[in-house]
Amino acid sequence: MKLEMEVISKEIIKPSSPTPHHLRQYQLSFLDQVAPLVYSPLVLFYSSDGTTEFKRTTISNHLKKSLSDVLTHYYPFAGRINDKNFIECNDEGIPYFQAKVKCKLVDVIHKPVPGELKHLVPFELDDITDILFGVQLNVFECGGIAIGVCLSHQIADALSFFTFINSWAAIANGSQDVLPNPQFVSAKLFPPKNTTGFDPRSGIIKDNIICKMFVFDASVVENLRARYADTTSFENEKHLTRVEALSAFIWSRYVAVTRHQSGPQRTHVVVHAVNLRPKMEPPLPPESFGNYSRISMTFPSLNTEEECHGLVKEVRDQMKKMDKDYVRKLQEGNEHLDLLKDSFDRVLVKGELVAFNFTSLCRFPLYDADFGWGKPTWVSVPVLMFKNLVMFVDTKTGGGIETYVSLKVEDMVKFEADEELLACVNKKPTYSFFMSKL
């Protein structure tokens, strides 16, 4: 459904105490420098038994007070980035919007339209500015709320984002004794480089892209795991993960419906985002803040369905190469930067490569954010305008996976009509509601 919104207020929230002088400049790391110039979005939905206007005001004040307090721990958020790859941690604050949504929360959750969810967050996702973080409190006609947040990908990856959100929630509900201690040391571990000739905005495509969400139940995912593990190439290997199996399936269906497109033969590359924290020596704790993720690139063959079937093993072999030696070379930076420049040139300028990108939020703490009125009914990820992008998100219960797929419009028409895909997708996913005490 099309969301109708009305922004009713906007203000700036500043940290509850000033940032110390010695922390006033935050240096971006090399991995921050090459991160996509987009906002990472998130929307947390909380259902309600119908609240009064007074209580909605109370909720907003509660969020603003706790946000002001958590910003003292995450001081770069309230600063402004400059063109010298520094954040001026000057406590200018973050924009906080409040909006009325002209429908009920259940109307959005029962039939979610990924392209409409962007109205629930404060910024245009691909129109990044010097502001690093923003919040939008959305109030539905039923009294339910959705907290929409955007964080600049230039300063943090998904794990850092969730660590911040859950820290904010812990302060809001009085559990600050269990707050993680964020470590802002990324520039020491990955020193910044001269990135002249590399454009982190490359790959952002606004036109002719559509996103659809497909839900795969746990039983279907388990069947796919068994299907793709049933090969001698996986003897003495660890069991397939849910994400490995579902990635191979999505890729195989994309290949099946686009294989015979006209035009010059091009090389395909399958890209997976990888968390580097456990791969470092010594491993970094989860609360290490910044961009500690990179991509593995696999070049599969497209000749037969059986070769798509073997994609899992190929991807796993590539990921094994992302070890402590890989991290050490990455810290040096120059070789990786040359690889990035070459890849973008082949994809965007010469059109030699067709990239298909996977990223997963599975097993991330999506549903932990209790601001004082219970955990979210649903957590969604508004669409980013990247061609051939797949995002995996755990369902709240049941072990299934919500899969956001962004494709060119003409490719999506074929993809969503694929019979093998449709046989695996839950046609009517349900979300369990609770009556929260807002």
Open item on the list: If you apply the rule side-chain contact (heavy atoms from CB on, under 4.5 Å), what do you find for Ile209 with Leu389, and how did you get there?
Closed with: CA-CA 10 Å; Ile209 304 297; Leu389 174 65; over 6 Å; no
Task: Steps toward ring pair (Phe, Tyr, Trp, His ring centres under 6.0 Å) verdict (Trp168, Phe371) - done: CA-CA 8 Å; Trp168 177 17; Phe371 290 88; 5.0 Å; yes
Open item on the list: What I want to find out is whether Glu244 reaches Arg316 closely enough, with some N-O distance under 4.0 Å, to be called a salt bridge.
Closed with: yes
Task: salt bridge (charged side-chain N to carboxylate O under 4.0 Å, His left out): pairs with one or both residues in residues 287-297, sequence neighbours excluded - done: none
Task: Val101 backbone acceptor or donor facing His119 side chain under 3.5 Å - done: no
- [ ] Please step through side-chain contact (heavy atoms from CB on, under 4.5 Å) for the pair Ser167 and Phe162, ending with a clear verdict.
- [x] CA-CA 8 Å; Ser167 297; Phe162 285 113; over 6 Å; no
TODO: Answer yes if the ring centres of Phe356 and Tyr254 are under 6.0 angstrom apart, and no otherwise.
DONE: yes
TODO: Could you tell me whether Glu420 and Arg227 make a salt bridge, using a distance below 4.0 angstrom between a side-chain N and a carboxylate O?
DONE: yes
Task: Residues Lys321, Asp317; criterion salt bridge (Lys or Arg N to Asp or Glu O under 4.0 Å); working and verdict - done: CA-CA 7 Å; Lys321 298 177 182 179; Asp317 289 343; over 6 Å; no
Task: Donor-acceptor pair, side chain of Lys427 and main chain of Val425, under 3.5 angstrom - done: yes
- [ ] Over all heavy atoms of both residues, which pair between Ser186 and Asp32 is shortest? Give the atoms and the distance, please.
- [x] OG-OD2, 3.8 Å
TODO: Assess whether side chain to side chain donor-acceptor pair (under 3.5 Å) is satisfied between Thr377 and Ser47, documenting all intermediate values.
DONE: CA-CA 6 Å; Thr377 303; Ser47 57; 3.1 Å; yes
Open item on the list: To the closest 0.5 Å, what do you measure between CG (Leu246) and CZ (Phe392)?
Closed with: 4.0 Å
Open item on the list: I'd like to know if Arg225 and Glu222 make a salt bridge, using a cut-off of under 4.0 Å between side-chain N and carboxylate O.
Closed with: yes
Open item on the list: So which atom in Asn208 and which in Glu410 form the shortest heavy-atom distance, rounded to 0.1 Å?
Closed with: ND2-OE1, 3.0 Å
- [ ] State the CD1-CG distance between Ile155 and Leu132, to the nearest 0.5 angstrom.
- [x] 4.5 Å
TODO: Go through the steps to decide whether Val383 and Ser406 satisfy the test side-chain contact (heavy atoms from CB on, under 4.5 Å), and finish with yes or no.
DONE: CA-CA 8 Å; Val383 60; Ser406 296; 3.5 Å; yes
TODO: Check Asn173 against Asp370 and note the closest heavy-atom contact, atom names and distance.
DONE: ND2-O, 2.5 Å
Task: side-chain contact (heavy atoms from CB on, under 4.5 Å) between Thr403 and Met391, intermediate numbers included - done: CA-CA 6 Å; Thr403 304; Met391 173 83 73; over 6 Å; no
- [ ] Using the side chain to side chain contact (heavy atoms under 4.5 Å, CB included) rule, pick out the option among Val393, Ile109, Leu117, Val108 that qualifies with Ser380.
- [x] Leu117
Open item on the list: Does Arg80 form a salt bridge (Lys or Arg N to Asp or Glu O under 4.0 Å) with Glu88? I'd like the steps, not just the answer.
Closed with: CA-CA 5 Å; Arg80 297 292 183 267; Glu88 303 292 346; over 6 Å; no
- [ ] Could you tell me the separation between the NE2 atom of His73 and the OG1 atom of Thr163, rounded to the nearest 0.5 Å?
- [x] 14.0 Å
- [ ] Could you label the plane-to-plane angle of the Phe214 and Phe415 rings as parallel, tilted or perpendicular, counting under 30° as parallel and over 60° as perpendicular?
- [x] perpendicular
Open item on the list: Let me confirm one number: the OG-CG distance from Ser40 to Asp157, rounded to the nearest 0.5 Å.
Closed with: 8.5 Å
TODO: Hey, could you give me the CG/CG distance between Asp368 and Leu44, rounded to the nearest 0.5 Å?
DONE: 10.5 Å
Open item on the list: Under a 4.0 Å threshold between the charged nitrogen and the carboxylate oxygen, would Asp325 count as salt-bridged to Arg328?
Closed with: yes
TODO: Begin with the C-alpha distance, continue with both residues' side-chain angles, and end with the deciding distance and a verdict on ring pair (Phe, Tyr, Trp, His ring centres under 6.0 Å) for Tyr228 and Phe249.
DONE: CA-CA 9 Å; Tyr228 289 110; Phe249 177 70; 7.2 Å; no
- [ ] Would you check if Phe97 and Val135 make a side-chain contact, meaning some heavy-atom pair closer than 4.5 Å?
- [x] no
- [ ] Please determine which of His153, Gln154, Gln33 meets the side-chain hydrogen bond (donor to acceptor under 3.5 Å, both in side chains) test together with Asn291.
- [x] His153
Task: Glu124/Lys118 salt bridge by N-O under 4.0 Å criterion - done: no
Task: Under 3.5 Å: donor-acceptor pair, side chain of Gln27, backbone of Asn85 - done: yes
Open item on the list: Which residue in the set Phe184, Phe161, Tyr75 passes ring-ring contact (aromatic ring centres under 6.0 Å, His included) when paired with Phe289?
Closed with: Phe184
- [ ] State which residues pass ring-ring contact (aromatic ring centres under 6.0 Å, His included) with Phe164; sequence neighbours excluded, sorted by chain then number.
- [x] Tyr74, Phe77, Phe133
Task: Any donor-acceptor N/O pair, Arg253 side chain to Glu416 backbone, under 3.5 Å - done: no
Open item on the list: Using salt bridge (Lys or Arg N to Asp or Glu O under 4.0 Å), reason through Lys64 and Asp69 one step at a time and then give a plain yes or no.
Closed with: CA-CA 9 Å; Lys64 290 187 289 186; Asp69 290 339; over 6 Å; no
- [ ] Give a yes or no on whether the backbone of Ala146 and the side-chain of Asn138 come within a donor-acceptor separation of less than 3.5 Å.
- [x] yes
TODO: Using a strict 4.0 Å threshold on nitrogen-to-oxygen distance, state whether Asp91 and Arg24 make a salt bridge.
DONE: yes
TODO: Could you grab the distance from atom OH of Tyr404 to atom NZ of Lys212, nearest 0.5 Å is fine?
DONE: 14.5 Å
